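Below is one structure, written out as structure tokens; the observations come after it.
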Amino acid sequence: MLENSIESVITSSLVEICRKYGIPAPQVVLEIPRDKKHGELSCNIALTSTRQTGMKPRDLAEKLSTEFPTSKDLVDAVIVAGPGFLNFKLSALYFHNLLKDIVKDSSCFGTSDEGSGERWLFEFVSANPTGPLNVVNARAASIGDTLVRIFKKRGYDAHSEFYVNDGGNQIRLLGASVRARIENVEIPEGGYHGEYVYEYAKSLIKNKEYNTELNSSELYIYNLGRRFAQEIQKEHKVTLDRFRVSFDNWFFESKLHILRSDQNSPVASVVNSLQDKDATYESDGALYFKAGEYGDSKDRVLRKSHSVPGILDEDFDPRQIYTYIVPDTAYHLDKYQRGFIKAVDLLGPDHHGYIISMKASLKALEIPDNFYHAILVQQVNLKRDGEEVKMSKRAGVGITLDDLIEEVGVDTARFFFLRRTISSHLDFDIELAKRHSEDNPVYYVQYAHARIMSILRQPGAKDFDKNVHLECLTTEEELDLLKVIARFPWTLSSIVRNLEPHILTVYLIELARSFHFFYSKHRVITDNSELTAARLMLCKGTANVIAEGLSLMGIEAPEVM
RNA sequence: GCCCCCGUAGCUCAGUUGGAUAGAGCAACUGAUUCCUAAUCAGUAGGUCACGUGUUCGAAUCACGUCGGGGGUACCA
């Protein structure tokens, strides 16, 4: 079953009627009323279009409602309410058919082709390979991975990518930090103090992989950094696999500096293109990009006036010549040339100045404005029983993603990271998350699933899917549960529209609540075999939606708890 | 200075491109288990949606301003 959403069916009927009254189609939008007394769907078109029609909202609503085609398997009734809302009451048959479909094939429920195969690229985490992944990376990983899964389900050709900054000054500093550890001298300013650097240094000595002859050579130090960075990057992949996040592609920055057949590197050709478009000028020995003309607050340096003194030259590492703007622009140009129509970047909270610069350079290269979409993933305040835990990768004190997985587990961590809107600062209390208690919503949702599985294991639970009379489901609790289930596709669609996966956690908690409530009021397995069959199907449908929803977040749905 | 995010119940937060009587969880208090998992459920209580002005049929939501909290403002990436 490919869901041809009820909303689109209702909307198109409504649009047709509205056309008679001169109301343009895009204005017809359905929403789910907060209060269930107002039906399952509602439309405020009569209120919003008073100007175009010159009619009183109430009068227009009456006309629309009488002209709307009702049917037994879709919309039972259209009711005019309040100042002029159109409330749609969906038929029992609609819900029954829906439930049967869900039980037959759970993975299809919520699947849609609304994305029309659009190619979207989600870039996230993209942590520098200079230290272990931290909690902000973990938050971005949870969000990005979940978005990709949901976008795929909604018919987008969605891809995930990790951008690896495998060069530049930071890599040199990483090498210098390793050397400092081995030589037991002071770690350079801006270097890396973490324990992992020390561990790596020790392993080099142990395996006799450190050359004391060459150790003062800048080239040697740089390569030391590169080698270590490669190790760290592999560790990132291992950690992310543990976190159930896999990337379709790992894009290495170094690739952008390699000469192509036209004897230009992607980086160099970005500079050339900008120069061709007269978007640059020289000043004080540096090459500037006229970012100010493209929306940035000021012009930006593209090519530095000098490389880091006495250290590296362009042949050795081109990143000593160009600022980050050049390779990053080349990278996004590459995304565009690969045929993506949208590049979504999940960035850390310290990157917001960067967004305007990036938009400016892409604009100068005549890439459409809406191609690049940056989302700032706000910071994570890690706590332990209410006390702040400070994070600092470079200082080497702090909690890594590996620590977090170890302590609270993947399911809990992912759920917590997905609970809040992306733009809000997130408090993550490790001790709270560890508690297997009512504080912890992951267990609440998972428990609902396990409970259903337990019911389905009962001896009386066999053959529930034959000759089902879903009309037996008549109590308020049963009908409410059914309606919550039916909202799943709408929930996913809303996540796609808003790029906000937390909506799914809110939904699943509500679904679990509806189930627990139903469960506490009614027995599923009773003497009445028809009723039992209908309730078993309702349970199975609920379990399927919970499992599918959790799986979209990379979280397991346990059979037993 | 400029830019971004946030401000909703004691705490942590939802609030569906502006909609109908602003909602959950935790904490507090009261109650529910002879019966499919009590990791559950029910009830009570808790609000000047930071503040002000504006926009309109209608504002927690939009605009402007003020206050408060956090972050950012590199020839680092």
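Convention: sequence-line order gives letters A, B, ...; per-chain numbering from 1. Remember, predicted model here, so these are calculated numbers, not experimental data.
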Atom-to-atom span, [atom1] of [X] to [atom2] of [N] - whole angstrom:
X: Glu123(A); N: rA77(B); atom1: CD; atom2: P; result: 16 Å
X: Phe416(A); N: rC26(B); atom1: CZ; atom2: P; result: 13 Å
X: Phe417(A); N: rC13(B); atom1: CZ; atom2: P; result: 14 Å
X: Arg34(A); N: rU16(B); atom1: CZ; atom2: P; result: 7 Å
X: Lys36(A); N: rA20(B); atom1: NZ; atom2: C1'; result: 16 Å
X: Met537(A); N: rC36(B); atom1: CE; atom2: C1'; result: 19 Å
X: Ile79(A); N: rA20(B); atom1: CD1; atom2: C1'; result: 14 Å
X: Leu376(A); N: rG71(B); atom1: CG; atom2: P; result: 15 Å

Considering only the [atom1] atoms, how many Å lie between [N] and [M], rounded to the nearest integer?
N: rA9(B); M: rG47(B); atom1: C1'; value: 6 Å
N: rA20(B); M: rG58(B); atom1: P; value: 14 Å
N: rG23(B); M: rA60(B); atom1: P; value: 13 Å
N: rC2(B); M: rU61(B); atom1: C1'; value: 27 Å
N: rU8(B); M: rG46(B); atom1: C1'; value: 13 Å
N: rA14(B); M: rU33(B); atom1: P; value: 37 Å

Minimum-distance nucleotide (side-chain atoms of [X] versus [options]):
X: Arg497(A); options: rU16(B), rC75(B), rC36(B); answer: rU16(B)
X: Asp427(A); options: rC13(B), rC5(B), rC36(B); answer: rC13(B)
X: Arg513(A); options: rG25(B), rA42(B), rG19(B); answer: rG25(B)
X: Glu31(A); options: rA77(B), rU16(B), rU17(B); answer: rU17(B)
X: Glu253(A); options: rA77(B), rU21(B), rU37(B); answer: rA77(B)
X: Arg451(A); options: rU21(B), rA38(B), rG70(B); answer: rA38(B)
X: Ser520(A); options: rU12(B), rG70(B), rC41(B); answer: rC41(B)
X: Val506(A); options: rG70(B), rG19(B), rA14(B); answer: rA14(B)
X: Phe517(A); options: rC41(B), rA20(B), rC36(B); answer: rC41(B)

_Ring-base stacking, Phe85(A) with rA20(B) (5.5 Å, 30° cut-offs)_ =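 Phe85(A) ring centre within cut-off of rA20(B) base, planes near parallel; stacks.
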*Identify whether a stacking contact exists between His352(A) and rG72(B), where the ring centres must be under 5.5 Å apart and the planes under 30° apart.*
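Not stacked: fails the 5.5 Å / 30° test.
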Across the strands shown, which category fits [X] at heavy-atom distances under 4.0 angstrom: base, sugar-phosphate, nothing?
X: His351(A); value: base
X: Val524(A); value: base
X: His522(A); value: base
X: Ala450(A); value: base
X: Thr48(A); value: base
X: Leu47(A); value: base
X: Tyr447(A); value: base
X: Asn44(A); value: base
X: Lys521(A); value: nothing
X: Tyr507(A); value: nothing

Return yes if the base of [N] and the side-chain atoms of [X] contain a donor-acceptor N/O pair under 3.5 Å, otherwise no.
X: Asn87(A); N: rA20(B); answer: yes
X: Tyr443(A); N: rA39(B); answer: no
X: Ser424(A); N: rC5(B); answer: no

*Residue met sooner reading RNA chain B from 5', once Tyr354(A) and Asp35(A) are mapped to nucleotides*: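 Its nucleotide being nearer the 5' end, the pick is Asp35(A).
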*Considering heavy-atom distances to RNA chain B, does His502(A) or Arg523(A) have its closest nucleotide positioned more toward the 5' end?*
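Nearest nucleotide further toward 5': that of His502(A).
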Check this for me: does any side-chain nitrogen of one of [X] and [Y] sit under 4.0 Å from a carboxylate oxygen of the other?
X: Glu161(A); Y: Lys335(A); value: no
X: Arg487(A); Y: Glu40(A); value: no
X: Asp296(A); Y: Arg300(A); value: yes

*Flag yes if more than 12 heavy atoms outside Glu189(A) fall under 6.0 Å of its CD atom; otherwise flag no.*
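Atom CD in Glu189(A) is not packed in, count stays at 12 or less.
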Distance below 4.0 Å between [X] side-chain N/O and [N] OP1 or OP2:
X: Lys298(A); N: rC2(B); answer: no
X: Thr421(A); N: rA14(B); answer: yes
X: Tyr519(A); N: rA38(B); answer: yes
X: Ser42(A); N: rU16(B); answer: no
X: Gln458(A); N: rU37(B); answer: yes
X: His516(A); N: rC36(B); answer: no
X: Ser423(A); N: rC6(B); answer: yes
X: Arg419(A); N: rG25(B); answer: no

_Please evaluate residues Lys36(A) and Glu476(A) with respect to the criterion salt bridge (Lys or Arg N to Asp or Glu O under 4.0 Å), reporting the C-alpha separation (whole Å), side-chain torsions for both, the decisive distance (0.1 Å), and the verdict._
CA-CA 11 Å; Lys36(A) 64 184 179 188; Glu476(A) 198 183 349; 2.9 Å; yes
_Any strand counts, and the cut-off is 3.5 Å on both contacts for Watson-Crick or G-U wobble. Which nucleotide pairs with rC41(B)?_
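rG31(B) - that is the nucleotide pairing with rC41(B), both distances being under 3.5 Å.
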_Qualifying residue, where the test is side chain to side chain contact (heavy atoms under 4.5 Å, CB included) with Ser65(A) and the options are Leu60(A), Asn87(A), Val80(A)_ =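 Among the candidates, only Val80(A) passes.
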*asked:* Does the Lys NZ or Arg CZ of Arg451(A) fall within the cation-pi geometry relative to Phe515(A) - under 6.0 Å from the ring centre and within 45° of the axis?
replied: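 No, Arg451(A) does not lie over the aromatic ring of Phe515(A).
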*Using modelled atom types only, decide if a donor and an acceptor are shared between the side chain of Glu253(A) and the backbone of Tyr163(A) within a distance under 3.5 Å.*
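Judged by distance alone, no pair lies under 3.5 Å.
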*Should the ring pair Tyr354(A) and Tyr324(A) be called parallel, tilted or perpendicular, given that the plane angle runs from 0 to 90° and is split at 30 and 60?*
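Tyr354(A) and Tyr324(A): parallel rings.
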_Please report the interatomic distance CZ(Arg172(A)) to OG(Ser177(A)), rounded to the nearest 0.5 Å._
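OG of Ser177(A) is found 9.0 Å from CZ of Arg172(A).
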